[in-house]
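This report refers to the structure that appears directly beneath it.
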Amino acid sequence: MNRSTTVRPFGIRDKVGYLFGDFGNDFTFIFSTMMLMKFYTDVMGVSAGVVGFIMTVVRIVDAFTDVTMGRICDRSRTTAHGKFKPWLLRICGPVALASFLIYQSGLVGLPMGVKVAYLFVTNILWGSVFYTAVNIPYGSMASAISEDPDDRQSLSTFRTWAALWPAL
């Protein structure tokens, strides 16, 4: 018995769907880059120098975790959902929880050392672990969605548009 699978043609629905997937991801990232320094200095009372230093360290760590996550994705076995979607399904909950935890004002009364440690740990978890574990596979999905280079370029363009909207 010969089964043939009909694949729907690639179109605007795919491009817009990819755009909105990245819109939500970039929204949390842009919100953190705009508000996290203000939150930690004005609400939590941590000095701007300490917050800036921690954010710099987190970005340096992120440079290595991005490459590591790319390697992990490359070496992942292909499942019924492909190579990349399983990572999105596994990490969507942890990244949402970490996004919530980085803004906990209930810790205002704790000693400064505890607040600084909390800031460091939650920022590493959010930005360098969970956000990376969602964003790297999501960006890599364009190569798996279509074999046509024009389609891949179009997905990349739509993804870039999604990254700009939250900042407007």
Side-chain angles (χ1 to χ4, degrees), residues 15-76 79 81-142 145 155-168:
K15 297 172 191 177
V16 170
Y18 197 65
L19 175 149
F20 278 111
D22 208 41
F23 176 81
N25 200 27
D26 284 333
F27 183 82
T28 60
F29 185 78
I30 289 170
F31 187 76
S32 76
T33 58
M34 289 175 20
M35 300 304 295
L36 202 55
M37 174 70 88
K38 182 117 176 103
F39 173 77
Y40 275 111
T41 56
D42 293 359
V43 175
M44 299 298 286
V46 180
S47 76
V50 170
V51 176
F53 176 77
I54 289 173
M55 288 183 169
T56 300
V57 170
V58 169
R59 294 284 72 84
I60 291 168
V61 170
D62 190 43
F64 293 97
T65 59
D66 283 355
V67 173
T68 302
M69 190 63 209
R71 302 269 301 154
I72 290 169
C73 286
D74 286 344
R75 293 175 181 215
S76 295
T79 68
H81 294 292
K83 277 183 137 180
F84 307 113
K85 186 176 177 182
W87 288 104
L88 304 179
L89 296 173
R90 284 181 204 127
I91 305 300
C92 66
V95 77
L97 179 61
S99 297
F100 171 76
L101 291 176
I102 59 176
Y103 293 102
Q104 289 312 298
S105 61
L107 306 174
V108 170
L110 294 177
M112 187 57 65
V114 174
K115 290 191 280 189
V116 170
Y118 186 83
L119 181 157
F120 182 74
V121 169
T122 56
N123 274 271
I124 287 284
L125 286 174
W126 176 78
S128 296
V129 178
F130 299 131
Y131 182 82
T132 291
V134 166
N135 200 43
I136 298 298
Y138 193 81
S140 302
M141 279 177 48
I145 291 173
L155 286 171
S156 179
T157 300
F158 272 72
R159 184 174 186 220
T160 302
W161 289 347
L164 295 174
W165 287 3
L168 298 178

Pair Asp74 + Arg71: basic N to acidic O under 4.0 Å: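 Judged by the 4.0 Å cut-off on N to carboxylate O distance, Asp74 and Arg71 do not form a salt bridge.
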
What's the spacing between [X] [atom1] and [Y] [atom2] if we round to 0.5 Å?
X      : Y      : atom1 : atom2 : answer
Met69  : Ile91  : CE    : CD1   : 6.5 Å
Ser105 : Asp42  : OG    : CG    : 13.0 Å
Leu101 : Tyr118 : CG    : OH    : 4.0 Å
Leu125 : Thr132 : CG    : OG1   : 11.5 Å

May I ask you to decide if the ring planes of Tyr103 and Phe39 are parallel, tilted or perpendicular, using 30° and 60° as cut-offs?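 Rings of Tyr103 and Phe39: perpendicular, as their planes differ by over 60°.
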
How are the rings of Phe31 and Phe27 set to each other: parallel, tilted or perpendicular (split at 30° and 60°)?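 Correct class here is parallel.
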
Side-chain touch Asp22/Asn135, heavy atoms, less than 4.5 angstrom: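 Answer yes - side chains close enough.
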
Check whether any side-chain heavy atom of Met141 lies under 4.5 Å from a side-chain heavy atom of Leu88, and answer yes or no.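 They are in contact (side-chain heavy atoms under 4.5 Å apart), so the answer is yes.
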
A quick test of your reading: do over 12 heavy atoms of other residues, nucleotides or ligands sit less than 6.0 Å from CE of Met35?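 Atom CE in Met35 is not packed in, count stays at 12 or less.
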
Indicate yes or no for a side-chain donor-acceptor contact from Lys115 to the backbone of Met44 under 3.5 Å, with no hydrogens or angles considered.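 Yes; at least one donor-acceptor contact below 3.5 Å.
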
Compute whether any side-chain donor of one residue and acceptor of the other, for Ser76 and Trp87, lie under 3.5 angstrom apart.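 There is such a pair (donor and acceptor under 3.5 Å, judged by atom type) between the side chains of Ser76 and Trp87.
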
